[in-house]
Each structure stands twice: as structure tokens, then as C-alpha cells.
Amino acid sequence: MWRANRHLLPPQWNKLSRQCKWSALKRGLCALKEESKKCNSLDAASQLKPGDRIHGYTVNKVVPVPELFLVSVQLTHNNTGAQHLHIARDDANNVFGVAFRTTPMDSTGVSHILEHTALCGSQSYPVRDPFFKMLNRSLSTFMNAFTASDFTMYPFSTQNPKDFENLLSVYLDAAFFPQLREQDFRQEGWRLEPEDLANPDSPLIFKGVVFNEMKGAMSTPESLFVHHAQSNLLPSHTYSNNSGGDPLCVPDLTWQQLKDFHASHYHPSNSRFYTYGDLPLEKNLENIETKVLRHFDKISVTTDIPHEQRWLKPREKHVTCPVDPMAANPDKQTTVGLNYLTGRTTDAFDNFSMVILSSLLMSGPNSPFYNSLIAPNIGSDYSPGAGFDNGTRDASFSIGLQGIKKDDYAMVVEQIHKTFDQVIEEGFPSERVEAALHRVELATKHQSSNFGLGLITGIMSAWNHGADPSEYLLINDHVQLFKEKLANGPFLQEKVKECFKDNPHCLTLVMNPDPEYEAELNKKEKEKLQSKVSCLSEDDKRNIYQKGIELAEQQNTVEDVSCLPKMAISDIDSEVKPVKLEHYISAGVPVQYCEQPTNGITYFRAISSITDIPEDLRQYLPLFCFILTKMGAGNLSYRELSQLIEMRTGGMGLSTHVSSHHSDMKAFEQGLSFSSHCLDKNLPHMFYLWGEIFSRPTLNDLERLRTLINMLASDLAMSVAHSGHLYAMALASSSLSPAAHLSEQFSGLSQVLFMKNMAEMEDLKPIIEKFSSIAIEVLEGTQFRCAVNTTAQERQAVENALEGFCDSLSSSLFEESSHVQHPDYTPSAVKTHYEVPLPVNYISRCLPTVPYTHEDHPKLRILAKLLSAKFLHREIREKGGAYGSGAKMGGGIFSFYSYRDPNFEGTLSAFEDSIQWTLKGKFTDQDIEEAKLSVFAEVDKPVSPSNRGMLYFTQGVTDEMRQANRDRLFNVTRDDVIHVARTYLASSDVPNAVAVLGPGNNLTANDSSWIVRRESLS
């Protein structure tokens, strides 16, 4: 996975609680042993001291961090110099990662292609793709790898100690002892090959997974702007290149260069290891030493990145991009941004201060740049990548605007400079600084289910450049120092002056759309292809064809994967972990109460029915959700409301809620979902704000509404290229069930286009009238229910505050069933092609099946995993070159999909062929067991205290239903899978719906059975 340089914040300041230990009477002894192990692991880490030696390592530093309930231990391997960071914490979701500083000096994508190819077989695991095969032999809660601008990382997490050791062996072998076969390089990177391998005389074209991935990744204005900003702000070294790979440069990479890059970069002396959780440090160190480090000696590392030489005067750069078909106004597609090189990534406090400063400058309607750039509706939103970025050797800050007129860029630049001047003169109101620090406190207390992964993602970039990673964990120390500096003078104003006003290292980047951009890009690709082909002899072409045949044969080979470690079904707990819930009525409103160790935070959710809302108002509901907490309420202006939300809560949000019935395909629940959380001391304030929003929402501010519409339309337009497979699945399934149809209206391509049209409207008064009608339905006369997760100590306070809020509502009790019934609904087969000017396709085929409680649901879920791993991955990714593909089962719909896919007909054929493959039984009992493991890995992923009980609250799925579903999962057989494939996927009586987002093609253009949509996108 390639990851563009993103705005990495310091560690995710949240807390993951210990895993729930249930059935104490039944499992008492095991639980006590497990608890003892956890305590011993944390205590053992606390007892270490600098100079201690463990399995060839020396302890450098031990730092307890009470606010995050962890102990940080830093070590160095004596013989190789490999660095190791261990975070001991009472968390069973253990994490491992190994990272290498990777500094490509061209845009061939060598580090990205190496990331892919290293996972295609190794010394101890010489199978074709052990990484993907382990997805189905593991109970991991996360498995992936990614390439950033200057490092490559291989992380995983799992709750099972045996699984941890299995994955550790595979990951270590893949990183340090990969086979790096030429065939794998050709498959994952790039190759020349006949367009139709069955016809050796067909034209030679470029193929390859990364080649196609980057064609998709670099096809959007947003990606291009972020890349140009970084490459031009930091032009002297590795950052001037595209670490993911420029599609025009990828074909310049050779297999030998790939191997050389591995030899020079993937060495322990250039590595950083990370372990996290409750497993003993000593055992992990012993495994790493035994499996890897003892085979290496220290080498001189030459991957250091020099600081960028500072400019003496600002620079300006103009670039072009493709026209955005989703943009509301074709005359407002210019983007401008000012990009400043600021401090060093390795200064933890400076990074903390810059994160706070960035938030104060940009976040929310009370920020200076919001007022000067967003509120006047000059453009649609901040420029891509705006904000503080500590993901490079030298940190940077970017501020700008997208969706502006071409001639307005100079005005925007002037506004930015004026805003900095204003901040230097006036500073920030104390309540805004207080709100920013309140967010830090909330984030520190909040408990997530993936704390360990968030932690390493947040600090890896700084650690990669020599920073002390423990310094980034000391949040309370940074807060205290920040407050001291504020008290001693105009700290923030001076920082603005230093980093921006007096900083000549500033790049003004202007990006304009060019209608000929894509045609020119296609021309350059054809020229690159011609340059490769023109110098080939007939023998070369025959050799290329023969290599293509050999690769296809390798991809079709059924391998012996017995060398790979795996979990067994017997390793999986047979019983669900129940969640204790209480239900009562508060002032006429049903309440679900879930007592959890939430660490001083109360989490509130509510669902308001929209059953009675007229059809013509429904498509406005997502916009209503987006604006309701951002327009003001009661006597509070939108600025005042925003300020109070920041100071008293962790955010207040709404979203549409569509939940298919767990037992009836023709029934579903529809509503609006409300959510917020706050420190326990702020409970009265949070419910006061909800009370004002419900009883007296402000809906008639036309100027504010215009701003919010532009922002939402812009966000949705940008999401299409990044989430095209989700849009394709939603579109295909929309004709198969009433729930899927409504979901597509609310969050599918229909909503993207609806918001595009909304942003083009000149008169917004009719929309305000519709919002008033919606408010009456969902805030006043609706059925309403709510849920609270909090600690036992806060229960009485929560009940008192909640009762006051509920008493102010005019809502009615939910009826026994709040689900909408559509007994006469008939699924229909619809084939739709939305032509969008992207270089790759997003394809989906969907079929209606059965709901959650049906006996066949677990069989279909296992079938989806089986097809994904054993057929679709090979046919669509390995052979076809798509970045991703698979099948999934949910909401009563079975879905096939592909992502960043260069093929069209081939992928649709692969979907059909996968069904026939199943019917012929071309899989083993072992394949079924692996599919089960993959499903259980999803089912048993850790759930944070804030989210426990939400499955019942949002979908009505009880613990008894979960247990019945689990029992059926265990019992699925090979014959069961064939049966459901025949019944639901192969039957001519079951309607198939297909949707494609991508460039035009002859098949859909000339086939009347396809609905081809173009007109709404221009």
C-alpha cells in the first residue's frame, strides 16, 4: 500500500482498555493467569533500567507514561545497531512493526514495488504470496504494509499470542530474506506483455499492480497538488521524487535495481523494530535476534536525509491537473496554497506546539483562516494537504484554498498574508486555546481499539529521522510547558512571525485544470510504451510473450503452503463475549445503558426515526445532518455554538442511519444517528447543547449554508476516486433491497451528484424551507431512543443529565418494532456504467441473498472469503493487475468488487468464473478452514469500551443471535459452500446487478442492456 505523505499528528492520544474478561465463574483460573501475565509484562518493563542487556540488546531508556498507562522501553541491538521501541501496556491487541528508512532518488517507485515484492515469498516461506495467504491463516486484527515518502513499514496486530509468533516469523522473513523473484517483480511492479495473452500478436502494453495502482492514485487533482507541493518545497533530495512511483517512470525500473535497493535499505542497521502490548518483551527480542539479527553485522548506513537548505526568497510554481467532473462550478477549479518549511520533525515539543497552532489557525468557524478564506465563499474548501505536516525530515505547514476562479489566486495569497499579520497583532482568544487543550485532554483519555497501531503511525516519521520516540508520548509534559510559554509572553504570535511572516522558505503553488491534461498524459504513456517496444527485436518479443506465459502458469499453479504457520479452528473461542446491557425509560424515552471502563468519558448516541419524512425530502437528509450542529442554536450563533462544542465535548455529530433487518430482507430501520462524548464533568453542558439544537436549531443563515454546502460537495467529489469500489457496490446493490436503495441515496453516487447540483444552485431559500420541514419530523415529533456508555461511578450523574434532556423532547416512545416493512419489494437486475475520466475502473456485481439470522448467512460469508483469497485475488489482482478485489457478504447482499482495475470485461468474467469454480468444488477442506479463520478474525476484532453494545443498539443483533451465527460458522462444510453458491449466486432466478465507475468502453456503449450515465458528470 502506498501512502502519500500525510499530515501525521503526534501519537493518537487515546487509551485502549484491557480486553473484557467475561464468564468469570467459568473461566476464573484462566482469567487470573492472563491477568497475572499482563501485570508481569508491565511490571517487568518498569523494572528495566538503562544498561541492562537482554538477548543481545542494551536498554537505552525506560520511560513510564502514566497518562497513557504504559511504559516505553528503548533498546539497541549490540551487533547490528538495530533500534527497538517496546511499549508495555495492559492491552491484548499486540502489535509488531519493522520499518526501514527508504530514500528513493527517482520516481520509479522502487521502494513501493519492493514493499509489494518482498511479500511475494521468502527464504523460509517460498510460496507465491505468503502475505495474502496469511490473511486466511491468521486471527490478526490488522495486517498490511505501506510506503511513505521516506520509510517503509510492515505492521500487524493480533490478540492471540500463538498468532503473534506465526505472523512475526512470516513478517521477519519477508522483510529480511525475500526471494525477490523476477516474476514477482513483473507481476507487482511492471512488465510488457501482449494485451491478450492468448494472442501473441496482440499489441504489447504495460501491466503490473503498482503501475495500475499509481495510475489511479495520481489521477486526482488532490493527489497531484499534494505531490507537487512536497516535491517543490523540498527539491534537493528524496522528497522531490514520487515514492509511490510516477506511472511514466515506473517502466524505467529494472529488476536488478530493485534487488540493489533491498540490499542497501532493508538491513538491520537501517531498521526500527516496534512491539506493543502485554506480551513479554524478552521473548520478542529473543525471536527477532534468533530469526534475523544473528545473521547480520553492522554496516554503515547511508540513508540519512539532509536538512533542506533554506531559501533566501519565496518561490512560485504553476502546475496543471485534469478537470474534475464532479466539481460544481467548471469555472472554479483552481487551487492555490502557500507552503512553508518550518521546524524540525525531531523536536517533540515543537511538533506538539505546531499541531496546536495549526488547529488554532484553521479548525472551526472561529479560526482566522476559516474567516478569511472559507466563510467568504471564495472557494469550496482548504487546499489539499492543508495544515501542519511532520511526515518529512523538515516539517512544513500549508494553507490555501481550492475551488477558486483562476484569476482569484493572487487575492487568496494576499488574504493569507493579511491573516498572518492579524494573528501576529491580535493573537488568539484564550477560550480557543483552552478548547484546543481540552481536545488534547479528551484524546488522552479516549480509549480506542487500535491504540498500538495509532501510536506507531503517529511517531514513526519522527523516530525515522533520529528523534527520541519516548518524548512524543509525554503529553502532559508538553501541555505543561505549553502553558508556561503562554504565560511568559506572546509565544504563539512569535511562532507565527517566525514560521510564516519572516520565513522566506515559502512556496506558492498554483494548480489549474487543463482540459487536455489526460490526453497529454495518455500521449506520454504511449510514447513511453513506443520507446520500449521500438527497440525490441522479434526474439525479444517472443521472449516477452514466453515470460507472460510463464507468469500465467505460475499464477495458476496450486502451491503447497504447508510451510506457512497457521492458526486452527480449535484456537478460536466457541462462545461470544456477551455485553451486559440495561434498558429503561427516561422521561418517556427508551435508554440503553452499558457500564464500561471509559476512563472519565461519557459516550452518548441516539437514533431518531425518519419513517414519516416525505420522499421528496429524503435526499436532503445527509446535508441536514452535516449542517445541524454547525449553524447555531437558540441564542448561540454558529461561532458561539462551535466554541462551546469544542470546550465542552469531543464533538457533536449526526449521520443518516439505515440498518437492514437481521431477519427480514424486506424490512429495515431508517433514522438519523446522533453522537457525542464528553468528560464526565461536562455532562450537563453536553446535554444542554443537545437540548438547544433539538429545540431551537438555526436553519435560516443563507451565507453560512452556502459555505457548508460548498464544503460538503467538495469533500464528496474528492471521495469518488479514493473510494470508487464502495460507490460501485452501493450503486449495484441499490436495486436489490429497500435498505440498500436508501443507503445509496444517502451515501452513494446519487448523493455525490445531488450535492454537486446543490452547490450549483443560486437560490438556497427553498432548501431552508425543506430543512424546517425535516426538523419538525426528526427533532420534534419523532420516535427517539438513546444509548449511553459510561462508568458505574457516573451512572447517577448521567441519568440525571439525560433525564433533563429527554424531558425537554417532544418525541414519542419507539413502537415495538421501528422497522419499515416492504412486503411487495422485488429485486431487479440493473447494469449501470458511470463514465468518469479516470484511468482505471471500479467494478461491482451484487446479488440478493439472506439476512443475518438465516442459516445460510454464515455459509455465504465464508464463501465470500474463499472466493476472495482463492480465486479473485489471483485472477483480478495477480493476472489482471488491479490493485484490489474481493467478495463480501453483508446487509443481505453478496458483493463482488474490484479497485483501481485496468480491466473491464476480464473482471466481470472473473466474477462469473469464480462462481463456476465454486460449483466444481475446486477447493479443499483446508481452504474452508482458512476462510473460517478469516471470518472469525473480523468477528472477534477488539471493540473499544465506547462502542460495546452498539451492535444491538444500531442493528438489534442480540448476543443470542451472535452465538447462533457463531455456532453456524464453526459448522460450515465444503458442501454447504457449494450449496449456497448454487442457490444464491448461480441460479437464474436471482437478479444480478452490476455497476462500473470508470472510463468509457465499447461494450457498455454498444449494449442496450447497460445504462450509461455521462450527462450528470459534466
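Scope of the values below: all heavy atoms of this structure, side chains included, with no hydrogens, waters or symmetry mates.
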Can you confirm whether the side chains of Thr790 and Thr602 place a donor and an acceptor under 3.5 Å from each other?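 Present: a donor and an acceptor within the cut-off.
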Do Asn371 and Arg639 have a side chain donor and acceptor closer than 3.5 Å?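 Distance-only check passes for Asn371 and Arg639.
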Is any side-chain heavy atom of [X] closer than 4.5 Å to a side-chain heavy atom of [Y]?
X	Y	result
Ser449	Val943	no
Met755	Leu623	yes
Ser719	His722	no
Leu442	Leu679	yes
Ile627	Met711	no
Leu779	Pro697	yes
Tyr593	Asn789	no
Leu689	Leu641	yes

[X] side-chain N/O to [Y] backbone N/O, donor-acceptor pair under 3.5 Å:
X	Y	value
Ser676	Met652	no
Arg706	Asp701	no
Ser733	Met729	yes
Gln643	Glu431	yes
Ser734	Leu731	yes
Ser844	Ala732	no
Asp959	Val576	no
Ser363	Leu360	no

Ring pair (Phe, Tyr, Trp, His ring centres under 6.0 Å) partner of Tyr620, chosen from Phe626, Phe746, Phe754: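 That would be Phe754.
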Could you walk me through whether Asn947 and Ser944 pass the side-chain hydrogen bond (donor to acceptor under 3.5 Å, both in side chains) check? CA-CA 5 Å; Asn947 286 322; Ser944 66; 3.3 Å; yes
Before accepting this row, confirm whether a basic side-chain N of the pair [X]/[Y] lies closer than 4.0 Å to the acidic partner's carboxylate O.
X	Y	value
Glu799	Arg795	yes
Arg439	Glu646	yes
Glu938	Lys888	no
Glu615	Arg618	yes
Asp680	Lys445	no
Glu434	Arg648	no

Gap separating the [atom1] atom of [X] from the [atom2] atom of [Y], nearest 0.5 angstrom:
X	Y	atom1	atom2	value
Leu712	Lys630	CG	NZ	8.5 Å
Ile601	Cys678	CD1	SG	8.5 Å
His822	Asp664	NE2	CG	10.5 Å
Asn682	Met686	CG	CE	9.0 Å
Asn599	Glu67	CG	CD	11.5 Å
Leu702	Leu699	CG	CG	11.0 Å

Taking every non-hydrogen atom, the tightest pair across [X] and [Y]:
X	Y	answer
Val778	Phe694	O-CE2, 4.4 Å
Ala633	Thr698	N-OG1, 3.6 Å
Pro365	Tyr638	CB-CE1, 3.4 Å
Thr954	His657	O-CE1, 3.2 Å
Phe784	Ala606	CZ-CB, 3.3 Å
Leu749	Glu744	N-OE2, 3.0 Å

Between [X] and [Y], is the gap from one ring center to the other below 6.0 Å?
X	Y	value
His857	Tyr852	yes
His741	Phe668	no
Phe805	Tyr688	no
His446	Tyr603	yes

Please assess Ile767 against Met761 for the test side chain to side chain contact (heavy atoms under 4.5 Å, CB included), listing each intermediate value before the final yes or no. CA-CA 10 Å; Ile767 298 176; Met761 293 177 60; 3.9 Å; yes
Yes or no on salt bridge (Lys or Arg N to Asp or Glu O under 4.0 Å) for Glu760 and Lys756, after CA distance, side-chain angles and deciding distance? CA-CA 7 Å; Glu760 294 170 349; Lys756 175 183 181 293; 3.0 Å; yes
Is the charged tip of Arg89 near the ring of Phe451: under 6.0 Å from the six-membered ring centre and within 45° of its axis?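 So Arg89 does make the cation-pi contact.
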Run the side chain to side chain contact (heavy atoms under 4.5 Å, CB included) check on Tyr952 and Val957 step by step: do they pass? CA-CA 5 Å; Tyr952 178 76; Val957 175; 6.0 Å; no
Using the six-membered ring wherever Trp is involved, compare the ring planes of Phe687 and Phe604 and label them parallel, tilted or perpendicular (cut-offs 30° and 60°).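 Correct class here is perpendicular.
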Classify the angle between the aromatic ring planes of Phe970 and Phe936 as parallel (below 30°), tilted (30 to 60°) or perpendicular (above 60°).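 Because their plane-to-plane angle lies in the 30° to 60° range, the rings of Phe970 and Phe936 count as tilted.
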Leu708 and Met631: CA distance, side-chain angles, deciding distance, side chain to side chain contact (heavy atoms under 4.5 Å, CB included) verdict: CA-CA 9 Å; Leu708 295 174; Met631 293 279 283; 3.8 Å; yes
List the steps and the verdict of salt bridge (Lys or Arg N to Asp or Glu O under 4.0 Å) for Arg962 and Asp967. CA-CA 9 Å; Arg962 292 169 56 213; Asp967 293 341; over 6 Å; no
Criterion side-chain hydrogen bond (donor to acceptor under 3.5 Å, both in side chains) on Ser663 and Thr853, from CA distance to verdict: CA-CA 5 Å; Ser663 303; Thr853 58; 2.7 Å; yes
Check step by step if side chain to side chain contact (heavy atoms under 4.5 Å, CB included) holds for Val820 and Gln670. CA-CA 8 Å; Val820 179; Gln670 53 185 340; 3.1 Å; yes
Give the intermediate values and the outcome of side-chain hydrogen bond (donor to acceptor under 3.5 Å, both in side chains) for residues Gln592 and Arg605. CA-CA 9 Å; Gln592 173 180 296; Arg605 276 93 162 189; over 6 Å; no
